[in-house]
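Questions regarding the structure given below will be posed in turn.
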Amino acid sequence: MTLRADRPGLLFALIGLAGLVLPLVQFKPNRIVPGEGVGLPLPLTALLALILLAGCLHWPHIWRLAGGLAGLGTVVLTLGGTARMLMDQAPDLARVAPAAGFWLLLLAFSLMLTDAVTRLRPSLRWRWLMLAGVVGLVVLVLTTGWLDQVSVMREYAARRDAFLREGAAHLFLAFGSLGLALLVGLPLGVAIHQSPAARGPVLSVLNILQTIPSLALFGIMIPIFGWIAANVPGAAQAGIAGIGVFPALVALFLYSLLPVVSNTLTGLSGVSPATQDAALGLGLTRWQVLAWVLVPLALPVLLAAIRIVLVQNIGLAVIAGLIGGGGFGTFVFQGLNQTAMDLVLLGALPTIGMALVAGIALDLLVQSLNRHTPRSA
Amino acid sequence: MAAAGLFLLAFLASPGSFSWLFAPMTRNGAPAIYTQTPLWSLTLSHLTLVAVAVAASTLVALVLGVLVTRPSGREFLPLARTITSVGQTFPPVAVLALAVPVMGFGAGPTLVALFLYGLLPVFENTLAGLTNQPAQIREAARGMGLTPAQRLWQVDLPLALPVILTGMRLTAVISLGTATIGSTVAARTLGEVIIAGLLSSNTAFVLQGGMVVGIIAVMIHEGFQALARLASRRTG
C-alpha cells in the first residue's frame, strides 16, 4: 500500500459517506404514508466509514474486492436487522422501507466491487464463478428470511402466489418473444443476405417498427387480436384473445425482429468470400455452406443479437402489466396507482435483477465464443 | 419524409378534420379524436421534456467522457466502461418507476429517468469517438505542436462528432418512446392519449398518440443521421 489517494476510491467514499449521514430506513405507520428516518447503529457506521476511507488508499485489487463485498454484506444484513428490531414492537400495519441512505451505500459498495473486478481482469472462468457466486449469495440471503421484515419482502409475503405467477409470465414473455424472433428473424436474415435487393425495404420496415413507442404498439395489438379472435375460425379456440398475454408477446416479438435480422445479416456478411469459395470448392452445396460454414462463423454476432433482444424484452415486458399482459409490470403499475412504493419495488427489483444477470451472462458467453471461433481473416 | 412532416403538422393544427380517418376504429359512437387536452399542446410538452433531458444528458455525458479520457481521469476509464454497459441493461420503465419515490409524481421523475438513461449512449459513443482514433492522427497532432487543449477542440472532438451524434440519436429516440410511459406517473406527454385509449378501449386514441410519436421519432432519427453524415463529410 502507498499513501497516494485512489481517485475512484475517493468518489465511492463520498457517495458512501453521504449514505451514512442519510437515514438507512423509513419507519412508516403503514405502507402509504411517509415515516421517520432511522439511521445505522454507531458501531456499524464506524465500520462502514472505515472500509470507505480505506478504499481511498492504494491496496491490492483483491483487498478492494473484499472491502466491497464486506460493505455490501454489512449494509444488506443491517437493513434486515434494523427492520426486525423495529417491527418487533410495531403494529402489523407498520412498514420499514429502505431509504436514501441504504440506496447510496448499496451504490457506493457495488461501485467499489465493480471497480475491483474490472481492475482485477479475472479470467472468463472466474467471471462465471463470480456471477454464480453473487446470484447464489442473493438467493441465500433471501431464503434465510433475514430480510423478511423489510417492506418489499412483506409485500412479497402478502402475494407470494401472484409473484410466482407473474414471474413466470414475465419469463414467458421475454423468452417466448425471443424464440419467435429467432424462428422468423434468422430465415429472414438469411433470405435478405442471399437477395440484396430485398435488404433495403425489409430493414426500413423493421426500423420503423422500432420507432413506434412501446406503449402504442402494445395498445394497437389489443384490437388486432380481438378482431382475429372474433373473425378467424379456430383462433379463439387456440387461445388467441385481445386481452392477456398474446398482444404483449407479439409486440415484443416485433421489437425483437430488427436486432435479430440485422445481426444475422452482419454476421453472414462478415464471413470472407474466400472462406465461402473454399467451402464451395470442397464440393459443398449452398445449403451445406450455409449450415456448416456461414452460421457457425456468424454465431458470435448472432449471440450479440440475442443479448440485445433478451435484455430489451425483459425491460419492455414491464409495459405488458399496463395492458393486462401479466409480468412484473403488474406490480409496478399497481404500486404506482396505489402510491405504494414497496409494491413498485417488488416489480422493479426482480426485473432489474433478471436484466442484469441475462446481460452479464450473455456477454460472457459472447466472449467465450469469440475466443473459440477464430474469425476468418 | 417531408410528406410525413407536413401530414403531422396538418394533423396537429386541426385534428378534427382528420376524424374521418380515425372514426372507423371507434366503437359505440366514441369520439375519434382526443380532445381532453389539445394534441399540439401535449406534443409540445412531450418534445420539451425530451429536448431538456437530451440536452442535459448530452452535456453531462460529454464532460464526463472528456474527463475520463484525460491523463488525470484515466483511473476512472475501466470503471466508466463497465458502468455504461451494465447501466444500459437497467430497464427504462424501472428507472422511471424508481424515480417516483424520490421526485413525487409529475414531470420530475420522467425528466430524471430520461436524463439518467440518456447519459449512457452519449457517454459510450463519446468514449468510443475519443479513444478509437488512428495512431497517425495522434502523432500528427503531436508533431504539429498542439497543446492538449487545442488537440481536444481542434482534432479529437471534431473527429468524434459523427459518433457522438449517433449516441445523441439513440438517446433522443429512446427518450421519445420512454416519455410516453411518463404519463403513467402524471407527466404531460402524448402517452396520455394512448393511456386514455387503453382505458376506454378506444383504438383511435391509441393509434393517434402512437402515430404522432412515431412520425416524430422517424424524423428525429433521420435528422440526426443527416447531421452525422454532414459532420463526417466535413472532417473527411
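So that the names make sense, note that chain A is the first sequence line, chain B the second, and so on, each numbered from 1.
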Using non-hydrogen atoms only, which part of A:Phe328 is less than 4.5 Å away from chain B: side chain, backbone, both, or neither?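 No part of A:Phe328 comes within 4.5 Å of chain B.
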
Hey, does A:Leu111 have a side-chain heavy atom less than 4.5 Å from the side chain of B:Ile83?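 Contact flag for B:Ile83/A:Leu111 side chains = yes.
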
At a 4.5 Å cut-off on heavy atoms, which part of B:Thr180 comes close to chain A: side chain, backbone, both, or neither?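 Both parts, heavy atoms under 4.5 Å.
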
Between A:Leu11 and B:Phe76, is there a side-chain heavy-atom distance shorter than 4.5 Å?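 Result yes, sub-4.5 Å side-chain heavy-atom pair found.
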
Would a 4.5 Å heavy-atom cut-off, applied to side chains only, mark B:Val185 and A:Leu336 as touching?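 Touching, per the 4.5 Å side-chain cut-off.
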
What part of B:Ser201 is in contact with chain A, defined as an atom under 4.5 angstrom from a non-hydrogen atom: side chain, backbone, both or neither?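 Contact with chain A: none, neither part.
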
Test item: A:Phe12 and B:Leu79 side chains (from C-beta on) under 4.5 Å apart, heavy atoms: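 Yes - at least one pair of side-chain heavy atoms lies under 4.5 Å apart.
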
Heavy-atom pair with the smallest gap, counting every atom of A:Pro213 and B:Gly214: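 In terms of heavy atoms, the two residues are closest at CD-N, 4.1 Å.
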
Looking at A:Gly219 and B:Leu198, what are the two nearest heavy atoms and their distance?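 Looking at all heavy atoms of both residues, the closest pair is CA-CD2, 3.6 Å.
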
From B:Thr203 atom OG1 to A:Met221 atom CE, the distance as rounded to the nearest 0.5 Å: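 These two atoms lie 12.0 Å from each other.
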
When you compare the side chain of B:Thr89 with that of A:Ile352, does any pair of heavy atoms fall below 4.5 Å?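 The answer is no, as the side chains (C-beta and beyond) never meet within the 4.5 Å cut-off.
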
Pick one of side chain, backbone, both or neither for A:Ile314, based on which atoms fall under 4.5 Å of a heavy atom in chain B.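 Neither part; nothing is under 4.5 Å.
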
So which residue, B:Val173, B:Val193, B:Thr184, B:Ile220, ends up with the most heavy-atom pairs under 4.5 Å with chain A?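 Counting heavy-atom pairs under 4.5 Å, the top option is B:Thr184.
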
Pick one of side chain, backbone, both or neither for A:Arg121, based on which atoms fall under 4.5 Å of a heavy atom in chain B.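 Neither the backbone nor the side chain of A:Arg121 comes within 4.5 Å of chain B.
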
Considering all heavy atoms, the nearest A:Gly315-B:Pro91 contact: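 Result for this residue pair: CA-CB, 3.4 Å.
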
In Å, rounded to the nearest 0.5 Å, how long is the span from CG of A:Asn207 to NE2 of B:His221?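 Here the interatomic distance stands at 5.0 Å.
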
Which answer fits A:Leu356, side chain, backbone, both or neither, if we ask what part of it has an atom under 4.5 Å from a heavy atom of chain B?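 For A:Leu356, heavy atoms of backbone and side chain both lie under 4.5 Å from chain B.
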
For B:Thr82 and A:Thr114, which I'm curious about, is there any donor-acceptor pair between the side chains at under 3.5 Å?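 The criterion, which ignores hydrogens and geometry beyond distance, is not satisfied for A:Thr114 and B:Thr82.
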
Dump the intermediate steps for side chain to side chain contact (heavy atoms under 4.5 Å, CB included) on A:Val344 and B:Val100, then the final yes or no. CA-CA 10 Å; A:Val344 174; B:Val100 172; over 6 Å; no

B:Val93 versus chain A, the contacting section by heavy-atom distance below 4.5 Å: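 Contact with chain A involves the side chain of B:Val93 alone.
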
Which atoms of B:Leu199 are under 4.5 Å from chain A, going by heavy atoms: the side chain, the backbone, both sets, or neither?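 For B:Leu199, neither part sits under 4.5 Å from chain A.
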
On a heavy-atom basis, which atom in B:Glu75 and which in A:Pro8 lie closest, and how many Å separate them?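 Closest heavy-atom pair between B:Glu75 and A:Pro8: O-CG, 3.8 Å.
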
When heavy-atom pairs shorter than 4.5 Å are enumerated against chain B, which of A:Trp103, A:Phe218, A:Phe333 gives the highest number?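 Ranked by heavy-atom pairs under 4.5 Å with chain B, first place is A:Phe333.
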
Which region of A:Leu349, side chain (C-beta onward) or backbone (N, CA, C, O), has a non-hydrogen atom less than 4.5 Å from a non-hydrogen atom of chain B, or is it both or neither?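 Neither the backbone nor the side chain of A:Leu349 comes within 4.5 Å of chain B.
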
Taking side chain as everything from C-beta outward and backbone as N, CA, C, O, which of these in B:Phe105 sits under 4.5 Å from a heavy atom of chain A? Side chain, backbone, both or neither.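 Only the side chain of B:Phe105 comes within 4.5 Å of chain A.
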
Working for side chain to side chain contact (heavy atoms under 4.5 Å, CB included), residues B:Leu207 and A:Ile220: CA-CA 7 Å; B:Leu207 215 59; A:Ile220 293 167; 3.3 Å; yes

Is it true that, when you exclude B:Glu222 itself, more than 12 heavy atoms of the residues, nucleotides or ligands shown sit nearer than 6.0 Å to its CD?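 More than 12 within 6.0 Å, yes.
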
State, to 0.1 Å, how close B:Leu98 and A:Ala348 come at their nearest heavy-atom pair, and which atoms those are.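 Nearest pair, atom of B:Leu98 first, then A:Ala348: CD2-CB, 4.0 Å.
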
Please find the pair of heavy atoms, one from A:Val332 and one from B:Ala97, that lie closest to each other, and give the distance.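 That closest heavy-atom pairing would be CG1-CB, 3.7 Å.
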
